[in-house]
K.L.:
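Encoded as structure tokens, here's the structure I'll be asking about.
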Amino acid sequence: MNKWLILLCCMIFISASLLTTGLTRALIDLAAFSALLWIVLRHQNSAED
């Protein structure tokens, strides 16, 4: 499930980043980084439990 979620996030953020410029693109890239980091950290925490 997490693999598909990560791939889906990547595809959405890449397409959104390609279609925008400037500050909007920077905010999309920041949101993408934050979302992927959150998914990975959440996955690691659930694996430890």
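When reading the values below, keep in mind they use all heavy atoms of this one structure, side chains included, and skip hydrogens, waters and symmetry mates.
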K.L.:
Tabulate below the donor-acceptor pairs under 3.5 Å that side-chain atoms of residues 19-33 make, not counting sequence neighbours, or state none.
P.N.:
from: Thr20; atom 1: OG1; to: Ala16; atom 2: O; distance (Å): 3.0
from: Arg25; atom 1: NE; to: Ser17; atom 2: O; distance (Å): 3.3
from: Arg25; atom 1: NE; to: Ser17; atom 2: OG; distance (Å): 3.1
from: Asp29; atom 1: OD1; to: Ser17; atom 2: OG; distance (Å): 3.2

K.L.:
Clusters formed by hydrophobic residues whose side-chain heavy atoms approach within less than 4.5 Å: which one holds Met11, and what are its other members?
P.N.:
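None, because no other hydrophobic side chain comes under 4.5 Å of this residue.
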K.L.:
Could you check Leu41, Val40, Ile39 and say which one makes a side chain to side chain contact (heavy atoms under 4.5 Å, CB included) with Leu37?
P.N.:
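It is Leu41; the other options fail the test.
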